[in-house]
Protein chains: 2
Amino acid sequence: MTAIDLTLATPACRGCPIRHRAVCATCEPSELSRLEGMKSYRSWSAGQTIVMEGAELDFAASIVTGCATLTRSMEDGRVQMVGLLMPSDFIGRPGRAQAPYEVVAATDVTLCMFDRLGFERLLAETPHLSTRLLEMSLDEIDAAREWMLLLGRKTAREKVATLLSIILRRAATGKTPLRAELPITREAMASYLGLTIETVSRQMTLLRKDGVISMAGARTVLCDDLAALMAEAGDDADGDVIS
Amino acid sequence: MTAIDLTLATPACRGCPIRHRAVCATCEPSELSRLEGMKSYRSWSAGQTIVMEGAELDFAASIVTGCATLTRSMEDGRVQMVGLLMPSDFIGRPGRAQAPYEVVAATDVTLCMFDRLGFERLLAETPHLSTRLLEMSLDEIDAAREWMLLLGRKTAREKVATLLSIILRRAATGKTPLRAELPITREAMASYLGLTIETVSRQMTLLRKDGVISMAGARTVLCDDLAALMAEAGDDADGDVIS
DNA sequence: TGTCCGCCTTGATGCATGTCAACCGAAGTG
DNA sequence: CACTTCGGTTGACATGCATCAAGGCGGACA
């Protein structure tokens, strides 16, 4: 199970609300129509499990709307989120039918789904498609490793600042103050950051009191100075990640 | 920069000490000879930097002997290891010339290197090669995510037990007691586990006093009961990972 | 042989974060 | 309207790990 950005700026795959940059940008018409023929849509409401940990996985899919999470859990109930999927991200694992993580709808979610075997067949017959998927999964590895730095070495404050800055940059409209609706609960944030909900809540309160962010209700973050927030995040470079 | 297992059981690429399972197993003779023509060898001694963080990366390579580490660091000096490369693991990132991590020789290391552009050209012309690399990088993603669970949720004792069980299983000869030379210092272990050297040392002492492992000197671990060690690791399933 | 220098271990102490518990406000429901 | 539920906040307290500091062991080297 991987989260891969399939976003496409070109209208190559016009009939589909997902923008398959990677897949479609270099596709020939015949390939496009095969993709078209394979796809179908399905929706889940917030909180529902899309794929259970260890279950059979007979499709590949892109997220059309909403937000889903990948989690790995331990016997005693401890849970770690290992991926946060946003629109245009990819679910599925060519070459393997089993899901190593649980996939849960964080908000209401609609997926554009492809039959797994058909997708794999297309993959095998379309070299640039697997090349592009390779590039994307390499990005995914980088993102996971960036996250390992966060989990292993960052303080709670830095962790929360990192997540908020990522969400704010994703939602960036350009005009200040930057404003974003948090797509996930405190629990999901804590799960992603390797913290407890209480710690997340406290750190958000502190960041607010220190004037780094402000909030409109519990789920909307505002930020006048993204640079200040990113400084709190402790990132040396740009720091992209997530997905 | 990714760590990808290129191990090969078949003698397809006979001239090369690295066993390129992935690449060679399905290669045709002409492709094999092109790979042969591109390769060269180079060695580093323990502690030397192979690639600096952010530096140009003009090659792809497999580890022939020794052990190298991938690390990501923060401005203030905090360091997190994000990959541990063992013989047959892969270094390099088709499609991008920049190294997002530092690569350091943990022990003396010999690499079998390929010119990056030549490797990429071969990749583009050899569909099954990129397909196989895709599979391998998906495994890599799974490993990174397994490691995220460790970093985010496991206790110090579980972390150390996890790492030791991985190293012991890698080195497994079948006969008990299992015995393995630790290829990395306490510092590297701490870096990988998101701990300090003192904590690693203490936890190893505790595991020893509790009879879960025993040691011959500071760098050789022995284990009679791998199942017990894995129970300490807190892994629900098999737990593979690393690299 | 003695000295130095990594690497490792052990101890004392402090702090960041987890844990447990109470409470708040909003939304749903009878 | 009362009641419940759920997500979030805040407080008091506990603890696991980091930090700071000292010392041990073995190998390199004069």
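Everything numeric in this text was worked out from a predicted model, so none of it was measured. Labels below follow one simple rule: chain letters A, B, ... track the order of the sequence lines, proteins then strands, and each chain is numbered from 1.
Protein atom NZ of A:Lys209 is 9 Å distant from nucleotide atom C1' of D:dT10, rounded to whole Å. At whole-Å resolution of the value, CE in A:Met215 and P in D:dT10 are 11 Å apart. Distance, A:Gln203 CD to D:dG8 P: 16 Å, rounded to whole Å. Put simply, CE on A:Met189 is 9 Å from P on D:dG8, counting in whole angstrom units. The distance between atom CD1 of B:Ile197 and atom P of D:dG23, rounded to the nearest whole Å, is 18 Å. One atom, CZ of B:Arg219, and another, C1' of C:dC8, lie 10 Å apart when rounded to the nearest Å. Straight-line distance from the CD atom of B:Glu198 to the P atom of C:dC7: 15 Å, rounded to whole Å. Here the P atom of nucleotide D:dA18 and the CD atom of B:Glu187 are 14 Å apart, to the nearest Å.
For the pair B:Arg186 and C:dG6, the criterion of a side-chain N or O lying under 4.0 Å from OP1 or OP2 is not met. When the side-chain nitrogen and oxygen atoms of B:Thr199 are compared with OP1 and OP2 of D:dA18, one or more of them lie within a distance under 4.0 Å. Listed pair B:Thr196 / D:dA18 meets the phosphate criterion, a side-chain N or O lying under 4.0 Å from OP1 or OP2. For C:dT10, one of the phosphate oxygens OP1 or OP2 lies less than 4.0 angstrom from a side-chain nitrogen or oxygen of B:Thr205.
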- Residue pair A:Glu140, A:Met136: steps toward the side-chain contact (heavy atoms from CB on, under 4.5 Å) verdict: CA-CA 6 Å; A:Glu140 197 61 25; A:Met136 292 189 294; over 6 Å; no

- Message: Go through it in stages, so that I can follow the logic: the residues are B:Ser73 and B:Glu53, the test is side chain to side chain donor-acceptor pair (under 3.5 Å), and I'd like the CA-CA distance, side-chain angles, deciding distance and then a yes or no.
- Response: CA-CA 9 Å; B:Ser73 48; B:Glu53 202 166 336; 2.9 Å; yes

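Among all heavy-atom pairs drawn from B:Asp235 and B:Thr162, the shortest one is OD2-CG2, 4.3 Å.
Under 4.0 Å is where a charged nitrogen must lie from a carboxylate oxygen, and between B:Arg116 and B:Glu56 no such pair does.
The residue B:Gly194 sits close only to the backbone: its heavy atoms come under 4.0 Å of sugar-phosphate atoms, none of a base. Looking at heavy-atom distances under 4.0 Å, B:Leu195 makes contact with sugar-phosphate atoms alone, never a base. Heavy atoms of A:Arg202 sit under 4.0 angstrom from at least one base atom.
By the 4.5 Å heavy-atom criterion applied to side chains, A:Gln80 and A:Tyr101 are not counted as neighbours.
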